[in-house]
Structures are given as structure tokens and as C-alpha cells.
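Here the structure is laid out as C-alpha cells; the discussion comes afterwards.
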Amino acid sequence: MSCIPSSPARSAFLFVCSALTLLRSTGAMAEDCDCSKLSFGEKQVLQLLADRPAMIGVLDEDGPTYKWACEQFTSGYEGRRIHWDYALPHFGLDSEYVSWTGKNFLPGLVRISGRQGLSGVDQWMVLLYELENIKNASEMSRLVEFSIETESPREYFIREAVQMEFDAFHRLKRRLIQWAELATGEQLSPREGWVMNVEENFDE
């Protein structure tokens with residue numbers, strides 16, 4: 001997760017990043033794809049699959065999980081679009097979302113790693129998690145601003161931030177159980193277990 005605070009010094013940077021991401025995500029689609037009838041979210045997922053080919057064939061394109069992902073790219077960031085960004089997540093993470101504090105007209109971004117050892121199944125899992133986690137963006141932004149303004153203890157910020165991510169895990173877990181497309185075998189992949197084995201109680 002990244003929440004980018006608003007400041008005059010960063011305005012140009014935000015505009016450039018958003019514009020470049022938008023241009024690439026809509027202009028670098030597979031040549032044999034007729035994109036005229038596709039939703040914005042479907043285009044983003046197709047570009048994602050082109051950039052992370054290990055994910056191809058993992059999900060049924062007509063299944064609920066794939067369709068939900070497309071819907072989230074179309075309007076899952078508080079009614080706004082989410083752009084797929086092929087750049088690698090920061091700090092060697094497997095995934096992250098990026099939101100822009102105070103810039104309500106900018107889309108959200110999600111990034112996932114294509115590192116060796118992260119299977120197509122697990123790439124889908126971390127993508128789905130970030131599409132769920134970005135729903136915390138406004139609340140996270142308020143937490144950041146409140147913590148700065150009130151000089152709250154570091155422990156308070158950490159607990160509240162982890163609580164939000166814990167809630168995102170549980171929302172995704174409920175969806176996966178309902179859809180029954182991933183995380184259904186006896187042997188779970190690392191990131192399937194990461195979601196499905198999350199503790200029921202935050203304090204445990």
C-alpha cells in the first residue's frame with residue numbers, strides 16, 4: 001500500500017505518473033485484440049496478462065473471480081478507475097496499491113511482482129488482495145493525516161493500519177469461499193494460504 005500525500009511540490013509528478021500510466025494501459029494492448037467492445041477493466045486485465053503471462057489460464061474468463069477483477073479496475077477505487085501499472089512494487093514487495101491523498105480526480109494504481117517463484121495462482125491472489133485493499137485508501141489517508149496532525153504514537157498508527165489490511169484479507173477470504181475458484185485444494189499455494197489461513201480475530 002502507498003498513500004501519496006498531497007503537496008504543491010508533487011502536483012506535476014502526480015499528473016505525469018497518471019498520464020503515462022493511462023496512455024500505456026490503453027495503448028499497448030495485444031495487436032490481435034478488438035478492444036472496441038471491452039470495458040476499461042477488461043482492457044486493464046488483458047494488459048496485465050500480457051505483462052504477467054504466468055497468470056494466463058489460471059481463471060475462467062467467464063467466472064466470477066475474473067469478472068470481479070475487471071469490475072474493480074473499472075470502478076473499484078471509490079467509484080473511480082484503477083490502472084494496472086507494470087512497474088514492480090517498491091521494496092521488493094509482491095504487490096501494492098497506490099492512492100493519491102487529496103487528489104480525488106486521479107485513478108488508483110495496482111502493481112504486482114513477476115518475480116521467479118511467484119506462481120500464476122499467487123500472482124492472482126496478490127492482485128485480488130490489492131483490489132480489495134485499495135478500498136481502504138480514503139480511510140488510510142485520513143489515518144496518515146490524523147497521525148501527523150496529532151503526533152499520535154507510532155504504535156497507534158501501526159495497529160490501525162494493520163487492522164485495515166486484516167479486514168481486507170477477510171473480505172477477500174469471504175469472496176474466495178463464495179466463488180470457489182481459487183484456494184479449493186488440500187494443498188494451498190503460499191499466497192492462497194496467506195489469505196485463507198488468516199486468523200479470525202485481529203488480536204490473535
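- No side-chain heavy atom of Pro107 sits less than 4.5 Å from a side-chain heavy atom of Arg80.
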Please tabulate, for the side chains in residues 58-74, all donor-acceptor contacts under 3.5 angstrom to protein atoms that are two or more places apart in sequence or on a different chain.
{"from": "Asp60", "atom 1": "OD1", "to": "Asp62", "atom 2": "N", "distance (Å)": "2.9"}
{"from": "Thr65", "atom 1": "OG1", "to": "Glu181", "atom 2": "OE1", "distance (Å)": "2.5"}
{"from": "Gln72", "atom 1": "OE1", "to": "Lys135", "atom 2": "NZ", "distance (Å)": "2.6"}
{"from": "Thr74", "atom 1": "OG1", "to": "Gly41", "atom 2": "N", "distance (Å)": "2.9"}
{"from": "Thr74", "atom 1": "OG1", "to": "Cys70", "atom 2": "O", "distance (Å)": "3.1"}

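- Minimum interatomic distance between Ile82 and Gly76 (heavy atoms only, all atoms of both residues): CD1-C, 3.9 Å.
- A continuous path of hydrophobic side-chain contacts links Val121 to Trp179 [ILVMFWY only; heavy atoms under 4.5 Å].
- Taking each heavy atom of His170 and Glu199 in turn, the nearest pair found is NE2-O, 2.7 Å.
- Under the 3.5 Å distance criterion, the side-chain polar atoms of Lys173 are left unmatched by any main-chain donor or acceptor of Val195.
- Annotation: Tyr77 is not in aromatic contact with His83 [ring centroid separation under 6.0 Å not met].
- Annotation: side chain of Glu192 is not in contact with side chain of Leu176 (no heavy-atom distance under 4.5 Å).
- To the nearest 0.5 Å, the span separating CG on Leu118 from CE on Met55 amounts to 9.0 Å.
- Between the CZ atom of Arg171 and the CG atom of Asn133 there is a distance of 7.5 Å, given to the nearest 0.5 Å.
- The minimum heavy-atom distance linking His90 with Glu96 is given by the pair ND1-OE2, 3.0 Å.
- There is a path of hydrophobic side-chain contacts, each under 4.5 Å, that joins Val110 to Phe169.
- Across all non-hydrogen atoms, the minimal contact from Leu143 to Ala161 is CD2-N, 3.7 Å.
- Listed here is the closest heavy atom pair of Leu172 and Met125: CD2-O, 4.2 Å.
- Side chain of Glu139 to main chain of Asn136: no donor-acceptor pair is present (N/O by atom type, distance under 3.5 Å, no hydrogens or angles).
- Judged purely by atom type and a 3.5 angstrom limit, Arg52 uses its side chain to pair as donor or acceptor with the backbone of Tyr86.
- Scanning both residues, Gln123 and Gly114, for their nearest heavy atoms gives NE2-CA, 4.1 Å.
- In the hydrophobic clustering of this structure, Tyr156 groups with Val162; members are Ile, Leu, Val, Met, Phe, Trp, Tyr whose side-chain heavy atoms approach within less than 4.5 Å, directly or through other members.
- Gln44 places a side-chain N or O within donor-acceptor distance of the main-chain N or O of Trp84, the cut-off being under 3.5 Å.
- A side-chain contact (heavy atoms from CB on, under 4.5 Å) with Ile112 is found for one member of Asp122, Leu127, Asp85 and no other, namely Leu127.
- Rounded to the nearest 0.5 angstrom, Trp124 CH2 and Ile56 CD1 are separated by 10.0 Å.
- Both Met196 and Leu128 are assigned to one and the same hydrophobic cluster, defined by single-linkage of ILVMFWY side chains at heavy-atom distances under 4.5 Å.
- A heavy-atom distance below 4.5 Å is not found between the side chains of Tyr97 and Leu131.
- Side-chain atoms of Arg81 do not come within 3.5 Å of backbone N or O of Phe40 as any donor-acceptor pair.
- Judged by the 6.0 Å distance and 45° axis criteria, Arg142 is not positioned over the aromatic ring of Phe146.
- With rounding to the nearest 0.5 Å, the separation of CD in Glu130 from CD1 in Ile134 is 8.5 Å.
- The structure places CZ of Arg115 at 11.5 Å from CG of Leu88, a figure rounded to the nearest 0.5 Å.
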